[in-house]
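The sequence lines fix the lettering, A, B, ..., with proteins before strands; numbering per chain opens at 1.
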Protein chains: 2
Amino acid sequence: MTEMAPRPTLEAVAARAGVSRATVSRVVNGAQGVRESLAARVRQAVEELGYVPNQAARSLVTRRHDAVAVVIAEPETRVFADPFFALQLRGISKELTAHDCQLVLLLTEGQGDHARVARYLAGNHVDGALVFSLHLDDPLPGLIRNAGVPTVFGGRPGWGEGGEGALYVDSDNRGGARTAVEHLVSLGRRRIAHITGALDQTSAVDRLEGFKDVLPDTDPALIEPGDFTPAGGERAMRALLDRCPDLDAVFAANDLSASGALRVLRERGLRVPEDVAVAGFDDMLPVAEQTDPPLTTVRQDIEHMGLLMARLLLRRLDRNGPEPDTEDGAPRSIVTPTTLVRRASA
Amino acid sequence: MTEMAPRPTLEAVAARAGVSRATVSRVVNGAQGVRESLAARVRQAVEELGYVPNQAARSLVTRRHDAVAVVIAEPETRVFADPFFALQLRGISKELTAHDCQLVLLLTEGQGDHARVARYLAGNHVDGALVFSLHLDDPLPGLIRNAGVPTVFGGRPGWGEGGEGALYVDSDNRGGARTAVEHLVSLGRRRIAHITGALDQTSAVDRLEGFKDVLPDTDPALIEPGDFTPAGGERAMRALLDRCPDLDAVFAANDLSASGALRVLRERGLRVPEDVAVAGFDDMLPVAEQTDPPLTTVRQDIEHMGLLMARLLLRRLDRNGPEPDTEDGAPRSIVTPTTLVRRASA
DNA sequence: TTGAAAGCGCTAACAT
DNA sequence: ATGTTAGCGCTTTCAA
């Protein structure tokens, strides 16, 4: 293509501006204590030469990388068959960008990749990591702890190993579930069923807990395990209907399983919400708005959660975090609020 | 936390193995011409010390980064309100990982970010870029060309500026559209309408072309612009029905607009597919399988497209690409096939 | 086949 | 306030 123009170095800028490399470095890095007239000359030279600092050289001496890894395990992206993934990433990206920090994406393909990720993180290539690990038995949190890289988790990590002090950002799954179930109760429903999510994920467990918070003495027959998929929702709905034909509401652990439940309800000739009220979780738009009837569900601010994760990590890395979120100044895990979105199904 | 253990350097490994730094470097980088006995000693020392090369130091001298940027403009991720985004990224990630290459994700937030991205790419921080730019007037391709970074586009780029020789991977939008429309024709439909996508995107333009390929003399009244959204699909369907009450099929530019069309059809008391057959595009699962009736649509292998993008770029960067895809050995753009998925709607 | 030595471009003491 | 200088950890001629 075009000849690889040799990129100008600090040296070149210094020569052009008639100052020393050190001075240029100071100007470029915004250090104080440089006479304005000189600084201006330097800035102009930078401009004219199109100088861009060599990050490798800088990292070599500062031992900083201005980059963080985002680790997403394969099972997660399957769950994120919706904007979840993109939105969270977007939130993360925004915050990182605002702090001149790059985002290195690490997607894992099953166990085999754990070692690779661990090696990468331990290899001191990034300043920190943002890890999505929502499975109870996920070995990743343990591995990462070993790698000794500052980390923030997306979703409360399972406590497979030492995840005890882990920093994380999670939505209020339990509270959200409570809100949904309370809503069903307020509608006068008395036989409220629950289709759970995949119970190896903390979100599913927490939503189940929320359900039980509101209905501690519920008939166990009204709780049927699902797996967050439409097919799982169908299966569970059938089982529930066969077992408890008198149920008058169902809270599904997510919108996808709710959509499956809805189909079975229609197929059995039951009206929603007249005969059975249905509530979901996630407010996954392409699903929740398209179902018939549209789904009443629990919404979380996904993008904001991503942003908070990044912010938390940046704070932990010192980087000019905003006002401290705790009195002793140490960052703490964050549980973000959810809101009920009323549509036609309940 | 734990004391930051000073990472072992090449020097340390050399000392431990009783050889010079140069030798260790050779072993670590798999260069030939090192006596096996020595190499073994070195490998053991590496093992014992848990040595991991310092990428910054390496890049400083090699001027390689073993990293590529993936640039996704904000409007895209909105369109990718489905697994598209995640899947493509996954395909990219797989291929890059297989070649020990990192993925730096750059998400842009409107025009303001273009400069930032251009600066980053020009800043020689990555070896190449994978860019999603599906808009006809997108300035990004031009900026990137200027940056002089080897690039492969996801989706045929608009020719806003010099994108002429650009390398890209795109699905066969035109051919896919043809397949869908031919299918409707084969069903005996004679008044086939088309709800277009957002015509500032190449995919929408190409799908429209495909439609016209099969029905070159179609009544212009049967073509109504949409915007890839369900709401746009509803609007367009209403307009079409008002204008051409006799239409007996509709090909929507994507599944989301098809779902909107489906709703309007039902609302008007028209049966699908008996009265009006409907076909979509994308096979966006959470949508296509959940509509009533399930959608006949055109599927593309998203993940594979991502993989091909990465492979193309890697080849262009020299990196051990697989067998050459053209006779002169120069990589060429790739158009991937689509397949019709028959469900109940047509 | 192996080692010695010269930087890669930058920052950060330290000196002025 | 500015310049001088010594590396950061690695690859890569060049000699041996």
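- In this structure, A:P157 and A:D138 have side chains that are not in contact, with every pair of non-hydrogen atoms separated by 4.5 Å or more.
- For the pair B:L38 CG and C:dG3 P, the interatomic distance rounds to 7 Å; values are reported in whole Å.
- Atom CG of A:L60 and atom P of C:dC8 are 13 Å apart (whole Å).
- The shortest distance between the side-chain N/O atoms of A:R63 and the OP1/OP2 oxygens of D:dG9 is below 4.0 Å.
- Looking at which nucleotide of DNA chain D each of A:V34 and B:R21 is closest to, the 5′-most match is held by A:V34.
- Look at CG on B:L10: it is 13 Å from C1' on D:dT12, rounded to the nearest Å.
- D:dG9 atom P lies 16 Å from atom CD of A:Q55, rounded to whole Å.
- Between B:I302 and B:F85, every side-chain heavy-atom pair lies at or beyond the 4.5 Å cut-off.
- Surrounding CD of B:E36 are more than 12 heavy atoms belonging to other residues, nucleotides or ligands, all under 6.0 Å away.
- For the OP1/OP2 pair of D:dT11 and a distance below 4.0 Å, the side-chain nitrogens and oxygens of B:S25 include at least one atom meeting the criterion.
- Protein atom CD of B:E11 is 15 Å distant from nucleotide atom C1' of C:dA6, rounded to whole Å.
- Checked by atom type and distance alone, the side chain of B:T62 pairs as donor or acceptor with a backbone atom of B:R58 at under 3.5 Å.
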